[in-house]
Every structure is written in structure tokens, then in C-alpha cells.
Amino acid sequence: MHGNPAFTRRRVLVGGAATVAVLSVGGFATGGRPPKPLPEPPAPAAPTTHRHSLTAAERPVHLLGPDRPVSPLWTYGDAPLTVIRARRGDVLEARLENRLAEHTSVHWHGIRLPNSMDGVPYMTQPPVLPGEAFDYRFTLPDTGTFFFHPHCNTVEQVGRGLAGVLVVDGDAPQPYAADLLCLLKDWRLDQATGRFLDFQTDAGAAKAGTFGTLRSTNFADAPTVRVPAGHDVRVRILNLDVTRISQVGVMDAEAAVIAVDGNAVSPFPLVAWRMGPAMRLDVVVRAPAPGASARVVDYFAREPVTLMTLVGDAPAPDAAPAFDPTPLFAPTLPEPDLRNAETLPFVFSSTAINQTIETPTGGTIDLGRSLCLNTATYWAINRQTWPERGHEYPPPPLAELKLGKTYVFELANVTPHMHPIHLHGHSFKVLDSNKVDRPVHWADTVLLTPKERARIAFVADNPGRWMFHCHIIEHQDTGMMGYVTVA
Ligand code: C2O
Ligand code: CU
């Protein structure tokens, strides 16, 4: 349980033995070899300030195809996807301008930033009303693959496309032959008109969520990308859907996981890895021979679903060394002090309670009065439910943490559904689980499978009020949301 277990066997990280039999990842780290140590990162170079403007507005995009009706996406810029790139230690200055008809904000998912920059309306900043602007400014403390998104009426705002990617470079000791994004997102579209269908349904919210009608990778249908044959390429997979859990793998090429939620891990073969909404996985793939192809797939289906095809571009190297990816630089995260940790239980359950909540001062408030949209509750954390509509009226915190102390959260999913659980402002170590065999790794979101109990640990080193919620957005919106304080 403690430490990083040696890779004495191939890690089959998911259920569904049938799918795993399809996979063959030959010759890499299967012989009981210990995990490679992660090299220490160099000190960050002199910081650069990156200025970006994010203008949230409706913009028409051809999602259904070039000759079909356009869809009214909400985006941060003229390109459907805004990608921000910086290096560790750099300063990001982003001005959000709201040209939507409702309020919004930007939450920088996975970034350990000051609480006032966390982008949660009412909790960490006032909502950015239509016509208003807000300036975000913070230092990027960690390398990795991150993203950003709004945090109110999220099911619709993200459902319409409002999200961007933030890549913080500086984690690779050697460059890769290519560095690709593989951004997974579904869309709930009416095929005839291109308009959006209802983003939330009661039936979906109370179960696994309401699924899109159209899958996409990088806003296209399973794109094909040419990559230098025989070289190692980096693929940054992001699940930015609000609902769908994918089980990603690579067919017809060797592939290894090098980072989870942006945090380096000692490379291990990718067999299949379940990714809930918000989760990221950095993978190194040995590009196929000239003209040959490999596929990034989702095994969470009867037949593997192709998400992206990689085609090898000539010329191939004369003699490629055996596939053996170099680890990324070690994360610079505070190591939990497990011997002096306090353990806190968190139970994720379904619920059916009324619409009033108690305030810390003993009063009650009616969630019917709020600017955000949802009032129904189907879910709870430690029997406390907090629908998104209640951002404006925070209930008592789920826990009050002491600044600088290590906490072990024991997460118990007592529902028959999966829940990707996310904590703001901190990265945590996923220690162990009663059901799923994962290497010990750092993450900001952990996927709890039905009836799973998992333990995560972290140092509460970032003061403020930090959201703690399921990232299946309909679950978050209907009660599986809370917050902890660090002081
Ligand atoms: Cu990406 Cu509160 O979440
Ligand atoms: Cu959930």
C-alpha cells in the first residue's frame, strides 16, 4: 500500500477482462523491473508573464459537418478551443470578458493557485455578470496537462463548449517527436437543426448522467494525425465531457502512461485506463511504421471506439531502440506525512432531501432563491447535499483542515454509479483502493467505481475554501458537492 509498488505484473486497471485480452503491449516493463525513479526537475527559468484574453461568447461552429447546420457553441475565442501554453514558474494573466447572457467565471482545474483566483462564483469571487470582466493572475507552480472551465450552470456552459486547455511545459528531460492533444468531448445536438438538446435530464442526473449524441476528439470525428514513424510521440488525453467515462487504450502500438492529471508517474504500460470527466492522461506512443496506423481507443463499449488515428510518416529511423520511455521530471508537490496524518471519512451517496440547508450560523436558507439554475438534489457527500444553485448560499464546510497538516481522506462510494471526485487547490496522492489496482500516483480527480473505497492523502497547504465534488456535472449540480476549509 505504501510507496510505489514494483511493476511485477501488467496493471489491468479496469474491469472487463474481455477488453484487456485484445491488448498486447509487448516487451515493456513486464519482467518485475522496479519503477524508474523520476529525475529531479531543474529550477524554473526566469518567469515570463503570459497575457490572454478569454471572451466568453456564443459563436457558430460546424460540429455536424461542413454542409450541415452550424451549432451555437460558447467559446473563449474565435477558435473553438483556446489552448494556453506556459512554463512552470511563469505568471498567467487572463482577462475574462463575459459576452454571454448569464454570469460565468473561470476555474483553473488542477492548478494550485490562491483561493481568490479559483473561479468559483460566490465562494471565491463575485460572479462575472453579462458585460463584466474579471482579471485572473497567478503563478503556475506545476508542470502538466490542465484545463479550465466555468463553475456555475456548468452542465450547460461546458456542454456548449466553454472550456480551454492549459499546458504547463518543462516536465520533459528530452523533447518528443510530436506533442498532441486528444481532447474528448460529447455534444448533445439535434441532428436536423444543429441546436443543442436539453443538457440535463432528471433521469440522467439521478443515474450515470445525460449522454451526448455526438462524440468528438479535438472537435472532429476521430481525426487522423500524421506522426514521425518509429519515434516516440506524446499524446495528452483529456476527458472534457460532462458525463462520459472512457476507458482509453492504444491499439497497434506500444504505449506507456507518463503522467496522470498532469503529474509525472514512473512510466508503466498503458493497457486501459478509466477516465472520468476532468481526468487527464499523458501517454507516450511509439509511432507506427511509415503508412501504418495505431489508434487511441475507448474500450468502454462493445467494440473499441476509435478516438484518434496515428499514421506513421516516413522516413523511419534505421534502428529504433526498444520502447522504454524516459520518465518526466518528478512533481514538486508536498509529500504527505502519513505517520502524523488525520483520517477523515467521506461517503458519497444518493439522497432525497428537501431544498433547505442550514447555514453555519444556525439559520436556514431556501435554495429556491439563487442565480444558478438547479434545485433538484439526488446526491450527497456525508449526507449533506448542496445543489449548484446553492453556490450563493454555502452550507457548513465538510471539514475544517489545519494549514500545513496532512490529511487522509477515506472516500467511500456507496452508490451503484461511478463518480470522479475532484478537490480544488491541492493535488493528492491516491494511496490505495479496495477494488481497483492503480499505481500510487498524484492526481486532482479520482474515479470511484461502484462500492469502491479509496484513500487519498495530501498536505493542506493552501488556505481558503476549496470545492470538493463529483465531476459528472449533473451529479455536482444535483448535490454531490461540498467544500473544505484550510486555515
Ligand atoms: Cu473542474 Cu470544481 O472543477
Ligand atoms: Cu458523480
Side-chain angles (χ1 to χ4, degrees), residues 104-113 115 117-125 144-155 157-159 162-166 183 185 200 204-211 238-245 261-262 274-280 346-351 372 374 376-381 385-388 390-391 394 398 411-428 443-452 454 464-484:
T104 189
S105 66
V106 180
H107 166 58
W108 306 88
H109 184 114
I111 303 290
R112 299 183 304 132
L113 40 56
N115 197 239
M117 295 289 116
D118 198 41
V120 183
Y122 304 109
M123 293 293 287
T124 68
Q125 67 166 90
T145 306
F146 301 98
F147 73 113
F148 49 96
H149 62 83
H151 219 283
C152 195
N153 191 22
T154 315
V155 70
Q157 294 195 4
V158 177
L162 210 50
V165 171
L166 171 57
L183 186 154
K185 170 147 179 39
Q200 179 162 333
K207 296 205 168 88
T210 304
F211 286 80
L238 301 97
N239 183 349
L240 296 201
D241 194 40
V242 291
T243 305
R244 183 185 295 279
I245 292 158
D261 287 352
R274 256 185 204 177
M275 296 178 70
M279 297 169 81
R280 290 91 66 213
F346 292 90
V347 177
F348 298 84
S349 66
S350 58
T351 188
C372 294
N374 290 306
T377 61
Y378 299 112
W379 308 99
I381 305 176
T385 188
W386 185 22
E388 194 182 50
H391 261 158
L398 292 167
L411 313 178
N413 174 8
V414 299
T415 79
H417 297 284
M418 290 195 271
H419 303 287
I421 303 301
H422 171 49
L423 174 65
H424 287 209
H426 300 77
S427 298
F428 49 76
D444 54 54
T445 307
V446 61
L447 182 64
L448 299 180
T449 56
K451 309 291 176 196
E452 182 175 352
R465 298 199 289 180
W466 299 107
M467 305 296 286
F468 185 48
H469 63 85
C470 179
H471 223 289
I472 289 178
I473 305 297
E474 282 168 289
H475 294 177
Q476 173 193 359
D477 281 7
T478 57
M480 197 175 274
M481 177 170 77
Y483 68 99
V484 299

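Counting starts at 1 for both ligands and their atoms, in listed order. Both backbone and side-chain heavy atoms feed into the values below; hydrogens, waters and symmetry mates do not. What you see is a predicted model; the values in this text were computed from it and never measured.
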Residues two or more places apart in sequence or in another chain: which of them pass side chain to side chain donor-acceptor pair (under 3.5 Å) with T449?
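Checked T449 against side chain to side chain donor-acceptor pair (under 3.5 Å); matches are E452.
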Between Q157 and T104, is there a side-chain donor-acceptor contact under 3.5 Å, judged purely by atom types and distance?
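T104 vs Q157: donor-acceptor pair found between side chains.
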Fit a plane to each ring of F346 and F468, take the angle between them on a 0 to 90° scale, and name the class: parallel (under 30°), tilted (30 to 60°) or perpendicular (over 60°).
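If you compare the ring of F346 with that of F468, the planes turn out perpendicular.
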Over 60° means perpendicular and under 30° means parallel, so classify the ring planes of H422 and H424, tilted if in between.
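Taking H422 first and then H424, their aromatic rings sit tilted (interplane angle of 30° to 60°).
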Would a distance-only check, ignoring hydrogens and angles, find a side-chain to backbone donor-acceptor pair under 3.5 Å from N239 to M275?
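Judged by distance alone, yes, a pair lies under 3.5 Å.
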If only atom types and distance count, is the side chain of K185 paired as donor or acceptor with the main-chain N or O of D241 below 3.5 Å?
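Side chain of K185 to backbone of D241, a donor-acceptor pair under 3.5 Å: no, none is there.
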Closer than 2.8 Å to atom 2 (Cu) of ligand 1, which protein N, O or S atoms?
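You should have found H151 NE2, H424 NE2, H469 NE2.
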Would you call T415 and L448 a side-chain contact if the rule is heavy atoms closer than 4.5 Å?
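SC-SC contact between T415 and L448 ruled out.
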Can you list the residues that meet the side-chain contact (heavy atoms from CB on, under 4.5 Å) rule with T145, with sequence neighbours excluded?
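Residues passing side-chain contact (heavy atoms from CB on, under 4.5 Å) with T145: R236, L238, R280, D282.
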Report yes if the distance between the aromatic ring centroids of H426 and F428 is under 6.0 Å, otherwise no.
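They do not qualify: ring centres at least 6.0 Å apart.
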Strictly under 2.8 Å, how many protein N, O or S atoms lie near the Cu ion (ligand 2)? Waters don't count.
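Protein N, O or S neighbours of the Cu ion (ligand 2) under 2.8 Å, waters not counted, come to 3.
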